[in-house]
Amino acid sequence: MKYSNVYYQEYLVAIGGVETFMYELARKYCDRDLTIIYSGGDPEQIKRLKKYVRCIKYNGEIIECDKAFFNYSVKIIDNIKAKEYIQIVHADFLDKSLYPKYKPMLSDKVQTYYGVSKNNAKSFEKLTGRKIGVAYNPITIDPQPRLLRLIAPQRLTSEKGGNRLEYLVKELDKSGLFYQLEIFSNDKLTINSPNVIYREPTLDIRRHIANSDYLVLLSDTEGFCYGLYEALNMGVPVICTNLPILNEMGVTKDNGIVVEFDMSNLDVNEIYDKAGKFKFEYEPKKDIWGELLTKEKSTYKEELNMKYKVEALKAYEEFNITDNELGYVPKEGETFTVTKQRLDVLLGENKDHRVYVKVLEEIKPKETKKKTTTKKKGGK
């Protein structure tokens, strides 16, 4: 069989710009007689190419065509009978990260060269002395679906509704909707989904909530859920079970989607369609802690400014621990000064609950005397 256009790519890797080029070429010009010949490659890359053009695994046969195109490798060029041989240069071969380790694969059969950029063409011509044109990469951009961003910062124990979260994931996956669920937890669901991302729990969760479309909470029971409270106060709607506390918290159809405990009214399309369209104002509950606490002023800032003279214990040397502030392993009996916060760590508030020092002296901060001005006689 004689082909019109044959394009040889020795190997199609799982991720790569050249592979994207091959896909975009096939997709944009699928109405042309284009055949891609490959020696091997990633099955998924080959599968998506086959949606648009003929793809043939090379087995040593002689191939006849009008035009033969090559990327980097020209290994089978002697087995291709073509009216014209064209090579596409995808790399800047003079870049120090490539040259001299990688050099162009050349063949005297190639009559025409094209670089995918002027920069590549310039470096190729300088390196090889061969004339080269420019053929920019083809591309076709379709309208992309909006990403539904869900966040679930929670434990995944039974009372927290891990089973309902799994059901939500299954329904979203089944629908084909474009979504991402970030779960901040020290546990995982029992199902796998490419749309679920697990993150380490963080105390700085609010920045993540603020950049989500919904906060999800599908638990059995809640006293006064801070997750819902934080989200609503930041203008982020919620997806939650029909908890008795919702009315008191002020969860309504204007700021959230409430599902029954058996998930019978779950509508993932409603969730997707409403995302980004909630506009609401939320007032936090007035707390009474100003009346519950005594009126004495805090002295904690002064405590934090305290310094302490300490003596290193043998634990430093015994466990070969480099002190973070000193930058070395202090010897037993060595003295140095630390802050109150650092002292707490060295006295056992560390991951090993190990004591590294004993306190010798409390160093109180020096009081700064206020300057007094004496009025001159006759002054104001």
Side-chain angles (χ1 to χ4, degrees), residues 14-15 95-99 101-102 149-157 160 162 165 180-190 192-212 215-216 225-227 229-231 233-234 289 293 296-370:
I15 301 173
D95 188 276
K96 60 183 180 181
S97 64
L98 295 179
Y99 188 81
K101 185 178 180 181
Y102 296 101
R149 297 162 301 173
L150 306 173
I151 186 170
Q154 62 172 85
R155 299 188 303 279
L156 292 176
T157 48
K160 290 298 179 181
L165 202 55
Q180 173 184 289
L181 169 62
E182 283 189 290
I183 298 178
F184 287 77
S185 182
N186 48 18
D187 204 351
K188 291 185 178 181
L189 300 177
T190 61
N192 292 317
S193 170
N195 301 305
V196 177
I197 298 170
Y198 293 98
R199 305 282 298 270
E200 289 293 320
T202 175
L203 298 180
D204 194 15
I205 192 64
R206 291 180 183 174
R207 66 170 65 184
H208 300 281
I209 296 174
N211 287 285
S212 302
L215 180 134
V216 182
C225 177
Y226 255 115
Y229 202 39
E230 288 169 308
N233 273 284
M234 290 189 286
W289 284 95
L293 298 171
E296 281 76 19
K297 294 296 182 182
S298 173
T299 59
Y300 186 58
K301 285 185 180 179
E302 288 75 11
E303 292 173 31
L304 288 179
N305 289 328
M306 294 283 293
K307 297 244 177 120
Y308 298 84
K309 184 177 180 181
V310 297
E311 180 181 309
L313 301 177
K314 66 178 180 180
Y316 274 113
E317 293 178 281
E318 183 180 351
F319 297 100
N320 194 31
I321 300 297
T322 298
D323 186 275
N324 288 341
E325 291 188 354
L326 298 177
Y328 60 86
V329 180
K331 295 186 177 298
E332 184 180 3
E334 182 178 342
T335 61
F336 50 95
T337 302
V338 296
T339 63
K340 174 69 168 66
Q341 287 180 311
R342 182 68 182 150
L343 177 66
D344 291 341
V345 174
L346 298 180
L347 287 178
E349 290 184 16
N350 52 70
K351 64 182 179 66
D352 299 310
H353 306 291
R354 196 176 288 147
V355 178
Y356 292 99
V357 298
K358 70 176 179 180
V359 179
L360 298 178
E361 181 185 351
E362 183 181 275
I363 306 170
K364 293 184 179 179
K366 293 180 181 178
E367 291 185 7
T368 54
K369 293 182 179 179
K370 293 183 179 180

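Residue indices begin at 1 and follow the sequence shown.
- Annotation for K314 and E332: closest pair CB-OE1, 3.4 Å, computed over non-hydrogen atoms.
- Taken to the nearest 0.5 Å, the CZ atom of R155 stands 9.0 Å off from the OG atom of S185.
- Side-chain contact check for V310 versus L347: every heavy-atom pair is 4.5 Å or farther apart.
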- Task: Could you check D323 against R342 for side-chain contact (heavy atoms from CB on, under 4.5 Å), going step by step and ending with a plain yes or no?
- Result: CA-CA 11 Å; D323 186 275; R342 182 68 182 150; 3.1 Å; yes

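- One finds the OG atom of S298 at 11.0 Å from the CG atom of L293 (value rounded to the nearest 0.5 Å).
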- Take M306 and L343 through the test side-chain contact (heavy atoms from CB on, under 4.5 Å) and record every step on the way to the result. CA-CA 10 Å; M306 294 283 293; L343 177 66; over 6 Å; no

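- Atoms OG1 and CG, on T299 and N305 in that order, are 11.5 Å from each other to the nearest 0.5 Å.
- When the options T337, V359, T339 are evaluated for a side chain to side chain contact (heavy atoms under 4.5 Å, CB included) with Y308, the one that passes is V359.
- Heavy atoms only, all atoms of each residue included: K340 and E303 are closest at CB-O, 3.5 Å.
- Under the 3.5 Å distance criterion, the side-chain polar atoms of N350 are left unmatched by any main-chain donor or acceptor of L346.
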- Task: Start with the C-alpha distance between E182 and R199, add both sets of side-chain angles, then the distance that settles salt bridge (charged side-chain N to carboxylate O under 4.0 Å, His left out), and finish with yes or no.
- Result: CA-CA 7 Å; E182 283 189 290; R199 305 282 298 270; 2.4 Å; yes

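- For the pair N195 and L181, the minimum side-chain heavy-atom distance is 4.5 Å or more.
- Aromatic ring orientation, Y316 versus Y356: tilted (interplanar angle from 30° to 60°).
- Y198 OH to L156 CG: the interatomic distance, rounded to the nearest 0.5 Å, is 7.0 Å.
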- Does the side-chain contact (heavy atoms from CB on, under 4.5 Å) test come out yes or no for L165 and I183, once each step is laid out? CA-CA 10 Å; L165 202 55; I183 298 178; 3.9 Å; yes

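- Closest approach of Q154 to V216, counting heavy atoms only: OE1-O, 3.7 Å.
- Judged purely by distance below 3.5 Å, without hydrogens or angles, the side chains of S97 and D95 pair a donor atom with an acceptor atom.
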- What's the verdict on side-chain contact (heavy atoms from CB on, under 4.5 Å) for E230 and L215, showing C-alpha distance, side-chain angles and the deciding distance? CA-CA 9 Å; E230 288 169 308; L215 180 134; 6.0 Å; no

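- Taking each heavy atom of R149 and N211 in turn, the nearest pair found is NH1-O, 3.3 Å.
- When each of R207, H208, R206 is paired with D204, the side chain to side chain donor-acceptor pair (under 3.5 Å) condition holds for R207 and for no other.
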